[in-house]
Amino acid sequence: MAQVEIKFPDDSTKPFDVGTTGLEIAKSISPRLAKVALAIEINGQVCDLGHAVTQDASVRIFTFDDVEGRQVFWHSCSHIMAQAVQELFPGTKLAIGPSIEEGWYYDFDVEKPFSPEDLGKIEKRMKEIIAENAPFRCESMNRDDAIKHYRDKSETYKVELIEDLKDETVSFYYHSRFEDLCLGPHVPSTGVVKAFKLISSSGAYWRGDEHRPMLQRIYGVAYPKKNLLDDYLKRLEEAKKRDHRVIGKQLELFHFSDEVGAGLVLWMPRGARIRQIIEDYWRQQHLDNDYDIVFTPHIAKQELWDQSGHTGFYAENMYKPIDIDGRKFQLKPMNCPFHMQMYKSRLWSYRDLPLRWAELGTVYRYERPGVLHGLMRVRGFTQDDAHHFVARDRIDEELSWTLDFCIHMLRSFGFDSYDIYLSTRPEKAIGDDADWDKAEGALRTALKKAGLPFEVDPGEGVFYGPKIDIKIKDSIGRSWQCSTIQFDFSLPERFDLHYTDRDGERRRPYMVHRALLGSIERFFGVLIEHYAGNFPLWLAPVQVAVLPISDDLNDYCGRVVKRLKEAGLRAEIDDRSEKIGAKIRAAEIMKTPYMFVVGAREAEADSVSVRKHGTGDIGVKTIDEALASLQAEVASKGLE
RNA sequence: GCCGACGUAACUCAGUUGGUAGAGUAGCUGAUUUGUAAUCAGCCUGUCCUCGGUUCGAUUCCGGGCGUCGGCUCCA
């Protein structure tokens, strides 16, 4: 029999008979691998395990440990779920059912939205389908036949999907009594799914377009072993415990009130203290790095926003103007127009540039009710905004510098893992191609120079310029959009900005718009979730709880608090007539980093018994020792 | 905005198949003076989100609004 040569990822090769399937190849490596194999990559293409190899090829076997394997696994689950739904709710039309980062979803067009009980029924039917251990099988169909096939079944979404496909033939996957238009690949059979759970259902627009029908989406997760599902559910629980809305309440950091209005943050004293520390640090860093800090008003004449173009392209996020003496004034959704006006207040020379103006500017934006979310998405927030006015020949180094400064700031707060995106020219854009090319090139160069890996988001730039978005990753791997560095061709043009260059010519400056933390509100929310409320010492609202064991030690403890405060530390005494255990508990619950327990022994020796949050008793220290070590910890910001 | 769920004391939640409500925590008062995550006792707390409708009577049923949650969409 003819043979083919199969090459494995370790570069070893082995001959096989022509027509050998992926599963057989896996078996030849080890029976164990064959048991957990989900798919095979043949010359770069992920295929079913049943796929036969007909020519020399390099292959990789995918299991649940590989992203590709998981995708295949979850995608197969979406088919199983779709079968269950169609059997339980006859007449349901299928839309799409892809795998996602953790699990899958499938969108259905059903008469009535799914209830939680429905999900239970669907799970039950899915278990039956899994128990069948029905094999997945693939068949091709001529494109026109497939369209006719789905027309006859009134599967209008599938018809639309096929109509958008260019290929002459399309593939269908079959298992049990179910068929679905699908590129595949799939797991060998339904039985490989050992544990799954349907997480939630919700509305979702067909193809994400709010002008098209609303479908019902069901999300699910699944694993090849039950303990993996349990782990996932545990992780969900953990994430829930980190929820900044929950912690914000427990630690009395911030508050929302119906009476005040949705999406409007009330910063409670403890949260405000943290904010102040963040802002103080931010200010100092800016002053130390050639920024000037400015302040601008909260409202301005509508004409200013006409000139900036916001009333045109940003109208849907702006509140209605208010009437003042017959003139319309607009609550600000952005700070930029003010900085433009400030730039125009005098003439600038190339010697003055780059000019860097930073402002903690509070802006108000209309957000649709359904999108508000704790501190992460609000209607009034403070941007750590800045605008750089840059001479045309200095743009490369300015962007590079900005990026470095940005990363430096993020690192200071304990974030050293990022997802970075470079967004390029969208279809509708102002400015000429040469400018765009130059700007995109400059951003790209800055990223490369900084050695930061990034992805290009083609066409995702703002109409006024390309941008770099930086998402920070928190301690449990979720990413959050914070920093943005944006090129702006529009505003210097609209406000007719210029500077006098060294040759005496008036030139238009380039403008960079940047936010590092993004919104102080959101950044605070991210910090809370990142640290699960256990703030590093420099940020903790109360750094030390001084706990007298009995009332007669209150005076001594009062003096300890005073000394700590004089040394710049935030300390509080708990002088309630409670037992020490209760005081410790109260401080632990508030996640206070240090507790100084004080009894008669400590008071006599000018010392305290130091207890660390989450760790416990770490021994007796003199006040001076304890103070010095805390000050060192504050200075280090808890970073290595 | 759209789909769905939800809204009871400061917090977490129970309850009323329609007859205006309750537990723990917190708070207050008193007793206790305590050695590393809850001392004991007593007391207080509510337009049961809001506005309408049905009803003899609505916190409960129905509808509008507001808000929250999970998504869609959007974004700092």
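Below, chains carry the letters A, B, ... as their sequence lines are ordered, and counting in each starts from 1.
In a base pair of the Watson-Crick type (N1 to N3 plus N6-O4 or O6-N4) or a G-U wobble (N1-O2 and O6-N3), with each distance short of 3.5 Å, rU34(B) is matched with no nucleotide. Using N1 to N3 plus N6-O4 or O6-N4 for Watson-Crick, or N1-O2 and O6-N3 for G-U wobble, each under 3.5 Å, rA14(B) pairs with nothing.
Nucleic acid contact for E367(A): base, since at least one base atom lies under 4.0 Å from a heavy atom of the residue. Backbone-only contact: S200(A) has heavy atoms under 4.0 Å from sugar-phosphate atoms and none from a base. In this structure, E578(A) reaches the bases: a heavy-atom distance under 4.0 Å links it to at least one base atom across the strands shown. G518(A) comes within 4.0 angstrom of the backbone, heavy atoms only, and of no base. Residue E252(A) is classed as having no contact, given no heavy-atom separation below 4.0 Å to the nucleic acid. Residue R377(A) is classed as a base contact, given a heavy-atom separation below 4.0 Å to a base. Using a 4.0 Å heavy-atom criterion, one finds that A600(A) contacts the bases of the nucleic acid, with or without backbone contacts as well. Within the 4.0 angstrom heavy-atom criterion, no nucleotide atom of any strand lies near V363(A). I584(A) comes within contact range of at least one nucleobase, with a heavy-atom separation under 4.0 Å. Across all strands shown, K249(A) has heavy atoms under 4.0 Å from sugar-phosphate atoms exclusively, and none from any base. Residue E588(A) is in base contact, counting any heavy-atom pair closer than 4.0 Å across all strands shown. Backbone-only contact: G581(A) has heavy atoms under 4.0 Å from sugar-phosphate atoms and none from a base.
Q543(A) contributes a side-chain N or O that, together with a main-chain N or O of R570(A), makes up a donor-acceptor pair within less than 3.5 Å.
Nucleotides rC6(B) and rC13(B) place their C1' atoms 14 Å apart, quoted to the nearest Å. Going from the C1' atom of rC62(B) to that of rU55(B) covers 12 Å, rounded to whole Å. Comparing the C1' positions of rA5(B) and rA23(B) gives a spacing of 25 Å, expressed to the nearest Å. Taking atom P in both rU59(B) and rC74(B), the straight-line distance is 42 Å, to the nearest Å. Going from the C1' atom of rU45(B) to that of rG63(B) covers 33 Å, rounded to whole Å. Between rU60(B) and rU47(B), the two P atoms lie 15 Å apart (nearest whole Å). Using atom C1' as the reference point in both rG15(B) and rG53(B), the two lie 25 Å apart (nearest Å). Between rC44(B) and rU32(B), the distance separating the two P atoms is 24 Å to the nearest Å.
Of the candidates R283(A), E359(A), H286(A), H388(A), Y291(A) forms a side-chain hydrogen bond (donor to acceptor under 3.5 Å, both in side chains) with just one, namely H388(A). Partner of W357(A) under the side chain to side chain contact (heavy atoms under 4.5 Å, CB included) criterion, chosen from N335(A), I293(A), V294(A), T296(A): V294(A).
Between the OH atom in Y531(A) and the CG atom in L527(A) there is a gap of 6.5 Å [rounded to 0.5 Å].
Using a 4.0 Å cut-off, some side-chain N or O of R611(A) falls inside it from OP1 or OP2 of rA37(B). Between rU73(B) and H211(A), no contact under 4.0 Å exists linking OP1 or OP2 to a side-chain N or O. Listed pair R245(A) / rG70(B) meets the phosphate criterion, a side-chain N or O lying under 4.0 Å from OP1 or OP2. Within the 4.0 Å cut-off from OP1 or OP2 of rC72(B), at least one side-chain nitrogen or oxygen of Y219(A) is found. For the pair R368(A) and rC2(B), the criterion of a side-chain N or O lying under 4.0 Å from OP1 or OP2 is not met.
Using a 5.5 Å limit on the distance between ring centres and a 30° limit on the angle between planes, the aromatic ring of F381(A) counts as stacked on the six-membered base ring of rA76(B).
Judged by atom type and distance alone, E316(A) does not reach the base of rG1(B) through any side-chain donor-acceptor pair under 3.5 Å. For a distance-only test at 3.5 Å, the side chain of R365(A) fails to qualify as a donor-acceptor partner of the base of rC75(B). For R207(A) against rC72(B), no side-chain N or O and base N or O form a donor-acceptor pair under 3.5 Å. Counting distance only, with no hydrogens placed and no angle test, the side-chain atoms of D551(A) and the base atoms of rU33(B) include a donor-acceptor pair under 3.5 Å. Under 3.5 Å, the side chain of Y366(A) and the base of rG1(B) form no donor-acceptor pair of N or O atoms.
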Please list, for nucleotides 59-67 of chain B, all pairs of protein and nucleotide N/O atoms separated by less than 3.5 Å.
from    : atom 1 : to      : atom 2 : distance (Å)
rG67(B) : O2'    : D258(A) : OD1    : 3.0

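In this structure, the CZ atom of F313(A) is 18 Å from the P atom of rC74(B), given to the nearest Å.
Between G208(A) and M376(A), it is G208(A) whose nearest contact on RNA chain B lies nearer the 5' terminus. Along RNA chain B, the nucleotide closest to F114(A) and the one closest to I589(A) are compared, and the more 5′ of them pairs with F114(A).
A donor and an acceptor atom, one from each side chain of H244(A) and E529(A), are located under 3.5 Å apart. Counting only N and O atoms by type, the side chains of Q330(A) and H310(A) include no donor and acceptor under 3.5 Å apart. Remark: the Q486(A) side chain and the Y464(A) side chain contain an N/O donor-acceptor pair separated by less than 3.5 Å.
Proximity note for R576(A) (side chain, C-beta onward) versus rG27(B), rU34(B), rG70(B): the nearest is rG27(B).
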